[in-house]
Trainee: 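The structure follows.
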There are 2 protein chains.
Amino acid sequence: MDATAPQSPAGLRTTPSWLLNQTASHAGRLLAEGFAAHDLRGYHYRLLAALAEDGPASQADLGRRCGIDRSDVVAAVNDLAGRGLVIRAPDPADRRRNVISLTDTGADEAHRMTDTVTRVQDDLLAPLSTAERAELTRLLTRLLDHHTRR
Amino acid sequence: MDATAPQSPAGLRTTPSWLLNQTASHAGRLLAEGFAAHDLRGYHYRLLAALAEDGPASQADLGRRCGIDRSDVVAAVNDLAGRGLVIRAPDPADRRRNVISLTDTGADEAHRMTDTVTRVQDDLLAPLSTAERAELTRLLTRLLDHHTRR
DNA sequence: AACCAACGTTGGTGATGCCAACGTAGCACG
DNA sequence: CGTGCTACGTTGGCATCACCAACGTTGGTT
């Protein structure tokens, strides 16, 4: 279209890993914009969503569920606790653990974040039909399954 | 499958942006491993590939073609030039510009990197049939097109 | 001549994803 | 019982990717 603003080299542009990277990075941008409205970031959302869905958990469990490193969970939980969205309490049954639970405010925020994420999905998938969205989800899920349970 | 190693919350796991992020991040890991064998990183590959495909270019052009910020191009070109993979020469026709060209060694390395990347694609797409790979590529390309030419 | 735009460069910032190390606490085995 | 292994939370660090602001230099336009 524009001779002065050429696209990526064809060898890159048609490469699946490049396409994945670019689309994911676009999705990430849209998500980050959505999260910014809540003054939160990706890590925070993942934790809130996990807590809203599966209930209280230890930090280590949360990390495993969300694919976040233990050390990064610490910082994110610090943020969330500082805003009163979660409570960190020692586990009486295992004194190594902290039990993280949603507060009422946290549960509300989790819902609002989920709404935001849902809107972003629609933005992201706008050019695809319902069938195509399902197909894309299917293909990605298959890829992920294959590479996760190795 | 394993009660002690639960997967991500369902609300995350089935979300397209999450699937994209996870698969892309897996692809990134595979790529990074491949690149590490060449002792190079993603930015380096993109630049080498662009140069190999479209010939010498200014740093600004390279940046636009590869989706890399001008300032990051500087550092990457420094690395590549330091290893003798590219040459940085002032453009006689426009003294603001540097013309970046592949050396012979650089062209060789570009080929080897391309081979590596090709192998990674096969690893990545292993669970998909040829038709499915094409479909995935088609869907991702459509998404990307829609979100780039805004 | 005056202005504005583009270029390369320097020097930041932030998000994400890792890894190593430490002290504390639970657990299993001898 | 103690000894050793493992898990936990925490601190601190690192690398990559992506972006932005500012500066001086150079080209082009008016």
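The shown structure was predicted, so the numbers you read here are calculated from the model rather than taken from an experiment. Quick note on labels: first sequence line is chain A, next is B, and so on, each numbered from 1.
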Trainee: Can you give me the N/O atom pairs linking the protein to nucleotides 26-28 of chain D at distances under 3.5 Å, or say none if there are none?
Mentor:
{"from": "D/dG27", "atom 1": "OP1", "to": "B/Arg95", "atom 2": "N", "distance (Å)": "2.9"}
{"from": "D/dG27", "atom 1": "O4'", "to": "B/Arg96", "atom 2": "NE", "distance (Å)": "3.4"}

Trainee: How many Å lie between CG on A/Leu47 and P on D/dG9, as a whole number?
Mentor: 12 Å

Trainee: Between B/Leu47 and B/Cys66, which heavy-atom pair has the shortest distance, and what is it?
Mentor: CD2-SG, 3.9 Å

Trainee: Roughly, in whole Å, what's the span from CZ in B/Arg64 to P in D/dC19?
Mentor: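 Whole-Å distance recorded here is 15 Å.
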
Trainee: Just call it for A/Ser58: base, sugar-phosphate, or nothing, with non-hydrogen atoms closer than 4.0 Å on any strand.
Mentor: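 Since only primed, P, OP1 and OP2 atoms lie under 4.0 Å of A/Ser58, the category is sugar-phosphate.
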
Trainee: What is the distance, to the nearest angstrom, from the CZ atom on A/Arg97 to the C1' atom on C/dT24?
Mentor: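 Value for this atom pair: 14 Å.
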
Trainee: Which residues in residues 32-39 of chain A have a heavy atom closer than 4.0 Å to any atom of DNA chain C?
Mentor: none

Trainee: So, OP1 or OP2 of C/dC18: does either fall under 4.0 Å of a side-chain N or O from B/Arg29?
Mentor: yes

Trainee: Enumerate all atom pairs, one protein N or O and one N or O from nucleotides 2-4 of chain D, separated by less than 3.5 Å.
Mentor:
none

Trainee: Just to verify, what does B/Asp94 make a salt bridge (charged side-chain N to carboxylate O under 4.0 Å, His left out) with, not counting sequence neighbours?
Mentor: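 With neighbours one apart ignored, the set is B/Arg96, B/Arg97.
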
Trainee: Which atoms of nucleotides 10-12 of chain D (N or O only) lie under 3.5 Å from a protein N or O atom, and what are those distances?
Mentor:
{"from": "D/dT10", "atom 1": "OP2", "to": "A/Gln59", "atom 2": "OE1", "distance (Å)": "2.9"}
{"from": "D/dT10", "atom 1": "OP2", "to": "A/Gln59", "atom 2": "NE2", "distance (Å)": "2.9"}
{"from": "D/dT10", "atom 1": "OP2", "to": "A/Arg88", "atom 2": "NH2", "distance (Å)": "3.3"}
{"from": "D/dG12", "atom 1": "O6", "to": "A/Ser71", "atom 2": "OG", "distance (Å)": "3.3"}

Trainee: Under 4.0 Å, counting only non-hydrogen atoms across every strand here, what does A/Gly42 touch: a base, just sugar-phosphate, or nothing?
Mentor: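 Result for A/Gly42 = sugar-phosphate.
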
Trainee: Shortest non-hydrogen contact from B/Gly63 to B/Val73?
Mentor: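 The pair with the smallest heavy-atom distance is CA-CG2, 3.7 Å.
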
Trainee: Which heavy atom in A/Leu20 sits nearest to a heavy atom in B/Ala27, and how many Å separate them?
Mentor: CD1-CB, 4.4 Å

Trainee: Scan residues 28-40 of chain A for pairs that pass salt bridge (Lys or Arg N to Asp or Glu O under 4.0 Å), counting only residues two or more places apart or in two chains.
Mentor: A/Asp39-A/Arg83

Trainee: List for me each residue that meets salt bridge (charged side-chain N to carboxylate O under 4.0 Å, His left out) alongside A/Arg119, sequence neighbours excluded, and say none if there are none.
Mentor: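 Counting only residues at least two positions away or on another chain, A/Arg119 forms no salt bridge (charged side-chain N to carboxylate O under 4.0 Å, His left out).
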
Trainee: Pairs in or reaching into residues 68-79 of chain B: which pass salt bridge (Lys or Arg N to Asp or Glu O under 4.0 Å), with residues at least two apart or in two chains?
Mentor: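 Listed once each, the pairs are B/Arg41-B/Asp79.
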
Trainee: Check the distance between C/dC18's C1' and B/Arg41's CZ and give it to me in whole angstrom.
Mentor: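 For the pair B/Arg41 CZ and C/dC18 C1', the rounded distance is 16 Å.
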
Trainee: Taking all non-hydrogen atoms of both residues, which atom of B/Thr137 and which atom of A/Pro16 are closest, and how far apart?
Mentor: OG1-CG, 4.3 Å

Trainee: What residues, two or more places apart in sequence or in another chain, satisfy salt bridge (charged side-chain N to carboxylate O under 4.0 Å, His left out) together with B/Arg95?
Mentor: none

Trainee: Please report, rounded to the nearest Å, how far the C1' atom of D/dT16 is from the NE2 atom of B/His44.
Mentor: 11 Å

Trainee: Can a side-chain donor-acceptor contact be found between B/Gln121 and A/Ser17 if the only test is distance below 3.5 angstrom?
Mentor: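 Side chains of A/Ser17 and B/Gln121: pair found under 3.5 Å.
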
Trainee: Taking salt bridge (charged side-chain N to carboxylate O under 4.0 Å, His left out) as the test, write out the residues that go with A/Arg88, two or more places apart.
Mentor: none

Trainee: Among residues at least two apart in sequence or on other chains, which ones pass ring pair (Phe, Tyr, Trp, His ring centres under 6.0 Å) with B/Phe35?
Mentor: B/Tyr45

Trainee: For residues 126-143 of chain B, which residue pairs pass the salt bridge (Lys or Arg N to Asp or Glu O under 4.0 Å) check, not counting sequence neighbours?
Mentor: A/Glu132-B/Arg138, A/Glu132-B/Arg142, A/Arg138-B/Glu132, A/Arg142-B/Glu132, B/Asp122-B/Arg133, B/Glu135-B/Arg138

